[in-house]
*Asks:* 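Sharing a structure here in structure tokens format.
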Amino acid sequence: MSCSLVISVIIPITNVLPDLAGPEASVAELTDFICAAQIAKSADAYLPHESKLPNIYIENGTHKKRKFYECEILKRKKQRGYGSNSFGGDNETIRLPKPMIGFGVPSEVTELCPVFHRALPDAAIGPPYFYYENVALAPKGVWDTISRFLYDVEPEFVDSKYFCAAARKRGYVHNLPINNRFPLLPLPPRTIHDALPLTRKWWPEWDTRTKLNCLQTCIGSAKLTERIRKALERWDGVPPLNVQKYVLDECRKWNLVWVGRNKLAPLEPDEVEMLLGFPRNHTRGGGISRTDRYKSLGNSFQVDTVAYHLSVLKDLFPGGINLLSLFSGIGGAEVALHRLGIRLKNVVSVEISEVNRNIQRSWWEQTNQTGNLIDLADVQQLNGDRLEQLMNSFGGFDLIIGGSPCNNLAGSNRVSRDGLEGKESSLFFDYFRILDLVKCIMGRQQ
DNA sequence: TTAACTATGAACGGTATA
DNA sequence: TATACCGTTCATAGTTAA
């Protein structure tokens, strides 16, 4: 991975541009430089054809790159106004809605069904359509930065507990229409008891949970559930309140469910698949370990939620779509589109994990897809020439979808919750880079 | 029997929101 | 105050191959 190079790039840039960010540069200015540096690491890839670009880019050697950075920085500054702050400032604009239903959820699941209207900024209007996803509860300022880069589109925050039996608080930035959405059918079970009927028999009255918490990448251990069992066995009947609280705290933390008398267990991989809207055994086979199944699933989309947002594409593209899927994981976007009945004509899927690529490839074959699947490993290697070559072969992308790594944003991370500049999460800037490149190329082709 | 590799268990706070 | 969180790291058990 060349991510580690990013950090080393940041310092020289602040040094070579003292007029813009000297040692006294504010946090906001430095943040801009960092953002620019993320793009800069792929600056050559960013520029598709020098001959087609404005003169400012056409200079010799490294000077070209420097001009490019300057241009980017000034553009960002102009966009948001000088002096605003991306981190920890008190002038943040983006707040999480309550209830977290974004621009609406299927009317069957809530009484609250306000009619939303939104006007997209001109720069955000496609083609292509784009759809970006990440954790809602990111450090302060992260969603402001994401939104600013993605053409100032307002994020849509949705908790998947309105679609299935497990919570999943996520933000989505997209330029799709928001009217006339429809959900996947059948609607998935929305309570723990409906989703996991076998647990009903053992569920004690004092465990009042009806929804699971967010399905994460790790599960509770057998030792933990054994400890809980022993703690409960000391009491015949209802345990005292302090024991109840201990057990419930662990249940909530690890998403444990009741599978026997005094017996709790973490969800099985196929239960996680079901809750997230994937076909049973989607992640099975191909030599993947149980641990890795949890990891791949924990990193994935909730299919029903994403499909609801993507459903508007069905009427727009009756003949099917060409899809660029970045950080595609186990193929949540592809599964969502397939379940919506939208034909996948050409899919360029970029995913760093080999087992995930295998999972997606075998799903592609099992579902008898008639389109063409091209899988690539590294978004950082996807440059303008390769994109243009791909797009020339089938006429551009209709949708660019992806959820970039959340490792450095997620609340569970006690070690490296470094925000968008973190090692993995900085790949967001590659999502933006590639999206902007495709917009640029498609704009030229029209 | 080793050694190398793989899978699992357990400990590890802090931020943000209500 | 209470609750939730697409996680990381290291030790060790378990497995494979020579």
Side-chain angles (χ1 to χ4, degrees), chain A residues 87-90 92 94-100 132-144 146 157-161 164 166-172 208-209 211-228 241 244-246 248-256 265-267 269 272-273 275-278 283 287-303 305-306 326-333 351-353 355-356 402-420 422-425 427-428:
Chain A
F87 292 117
D90 53 7
E92 303 303 335
I94 293 181
R95 296 256 177 272
L96 300 181
K98 192 184 173 183
M100 200 182 277
Y132 174 80
E133 178 262 9
N134 217 319
V135 291
L137 283 74
K140 270 188 180 174
V142 164
W143 278 105
D144 296 88
I146 290 172
F157 294 102
V158 183
D159 189 339
S160 292
K161 75 177 182 181
C164 69
R168 205 167 186 81
K169 300 177 186 68
R170 296 292 180 268
Y172 306 89
T208 55
R209 291 177 296 159
K211 302 273 185 185
L212 293 161
N213 282 337
C214 184
L215 307 172
Q216 302 196 68
T217 55
C218 297
I219 61 161
S221 67
K223 291 256 173 63
L224 171 66
T225 56
E226 188 61 16
R227 274 202 301 273
I228 294 174
L241 287 178
Q244 287 182 23
K245 172 152 173 52
Y246 160 68
L248 282 178
D249 282 350
E250 295 297 329
C251 283
R252 291 199 181 97
K253 193 196 300 183
W254 294 106
N255 265 331
L256 304 175
L267 297 170
V272 181
E273 284 167 348
L275 287 161
L276 290 175
F278 287 92
T283 58
I288 186 172
S289 74
R290 188 179 160 87
T291 314
D292 280 346
R293 286 181 76 185
Y294 285 116
K295 189 171 179 183
S296 291
L297 285 161
N299 280 314
S300 132
F301 288 162
Q302 205 286 324
V303 170
T305 312
V306 171
L326 303 175
F327 317 102
S328 53
I330 57 175
E351 168 56 38
I352 197 78
S353 155
V355 288
N356 283 350
S404 61
C406 70
N407 308 37
N408 311 113
L409 311 179
S412 311
N413 189 341
R414 309 173 181 197
V415 180
S416 51
R417 199 181 185 192
D418 303 328
L420 270 187
K423 188 175 175 226
E424 289 84 15
S425 295
L427 289 168
F428 160 73

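Lettering of chains follows the sequences in order, A, B, ..., and the numbering in each one begins at 1.
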*Asks:* Which base sits across from B/dG13 as a Watson-Crick or G-U pair, both distances under 3.5 Å?
*Replies:* none
*Asks:* For the atom pair OG (A/Ser328) and CZ (A/Phe301), what is the distance rounded to the nearest 0.5 Å?
*Replies:* 9.0 Å
*Asks:* What is the distance, to the nearest angstrom, from the CG atom on A/Asn255 to the P atom on C/dC5?
*Replies:* 7 Å
*Asks:* The side chain of A/Ser412 is closest to which nucleotide in this list: C/dT8, C/dC5, B/dG14?
*Replies:* C/dC5
*Asks:* Under 4.0 Å between any heavy atoms, over every strand shown, what does A/Cys214 touch: base, sugar-phosphate, or nothing? Just pick one.
*Replies:* sugar-phosphate
*Asks:* Which value, rounded to the nearest 0.5 Å, describes the distance between A/Ser296 atom OG and A/Ile330 atom CD1?
*Replies:* 6.0 Å
*Asks:* Would you call A/Lys245 and A/Asp249 a salt bridge, using N to O less than 4.0 angstrom?
*Replies:* yes
*Asks:* If we only count heavy atoms from C-beta on, is the A/Trp143 to A/Leu96 side-chain gap below 4.5 Å?
*Replies:* no
*Asks:* Rounded off to whole Å, could you give me the NZ-to-C1' distance for the A/Lys169 and B/dA18 pair?
*Replies:* 11 Å
*Asks:* Checking all strands, does A/Ser404 fall into the base, sugar-phosphate, or nothing category for heavy-atom contacts under 4.0 angstrom?
*Replies:* base
*Asks:* Check whether any side-chain N or O of A/Asn134 sits under 4.0 Å from OP1 or OP2 of C/dC6, and answer yes or no.
*Replies:* no
*Asks:* Please give, in whole Å, the distance from C/dC6 P to A/Leu427 CG?
*Replies:* 18 Å
*Asks:* In whole Å, I'd like the distance from the CD1 atom of A/Ile219 to the P atom of B/dA10.
*Replies:* 11 Å
*Asks:* Compute whether any side-chain donor of one residue and acceptor of the other, for A/Thr283 and A/Tyr294, lie under 3.5 angstrom apart.
*Replies:* no
*Asks:* How far, in whole Å, is C/dC6 from B/dA18 if one measures between their C1' atoms?
*Replies:* 22 Å
*Asks:* Map A/Arg414 and A/Ile288 onto DNA chain B by nearest heavy atom, then report which one ends up closer to the 5' terminus.
*Replies:* A/Ile288
*Asks:* On DNA chain B, does the nearest nucleotide to A/Lys223 precede the nearest nucleotide to A/Ala410 from the 5' side, or the other way round? Give the residue.
*Replies:* A/Lys223
*Asks:* Looking across every strand, which nucleic acid part, if any, lies under 4.0 Å from A/Arg252 by heavy atom: base, sugar-phosphate, or nothing?
*Replies:* sugar-phosphate
*Asks:* Let's see if you can work this out: which of C/dG7, B/dA7, C/dC6 has an atom nearest to the side-chain heavy atoms of A/Glu133?
*Replies:* C/dC6
*Asks:* Would you kindly give the OH-to-C1' distance between A/Tyr246 and C/dA2, to the nearest whole Å?
*Replies:* 19 Å
*Asks:* What's the closest nucleotide to the side chain of A/Lys140 if the choices are C/dT9, C/dA4, B/dT17?
*Replies:* B/dT17
*Asks:* OP1, OP2 of C/dA4 versus side-chain N and O of A/Asn213: anything below 4.0 Å?
*Replies:* yes
*Asks:* Would one find a side-chain N or O of A/Arg417 under 4.0 angstrom from OP1 or OP2 of B/dT15?
*Replies:* no
*Asks:* Between A/Gly411 and A/Lys295, which has a closest nucleotide on DNA chain C that is more 5'?
*Replies:* A/Gly411
*Asks:* Check whether any side-chain heavy atom of A/Arg290 sits under 4.5 Å from a side-chain heavy atom of A/Pro269, and report yes or no.
*Replies:* yes
*Asks:* Checking all strands, does A/Asn299 fall into the base, sugar-phosphate, or nothing category for heavy-atom contacts under 4.0 angstrom?
*Replies:* base
*Asks:* Any side-chain N or O of A/Ser221 less than 4.0 Å from the OP1 or OP2 oxygen of B/dA10?
*Replies:* yes
*Asks:* What's the CZ-C1' distance between A/Arg227 and B/dG9, to the nearest Å?
*Replies:* 10 Å
*Asks:* Measure the distance from CG on A/Asn413 to C1' on B/dT15 and round it to the nearest whole Å.
*Replies:* 12 Å
*Asks:* So what does A/Arg290 touch, heavy atoms closer than 4.0 Å: a base, only the sugar-phosphate, or nothing?
*Replies:* sugar-phosphate
*Asks:* Side-chain N or O of A/Gln216 versus OP1/OP2 of C/dG7: is the shortest distance under 4.0 Å?
*Replies:* yes
*Asks:* Rounded to the nearest Å, what distance is computed from the NZ atom of residue A/Lys245 to the P atom of nucleotide C/dT1?
*Replies:* 13 Å
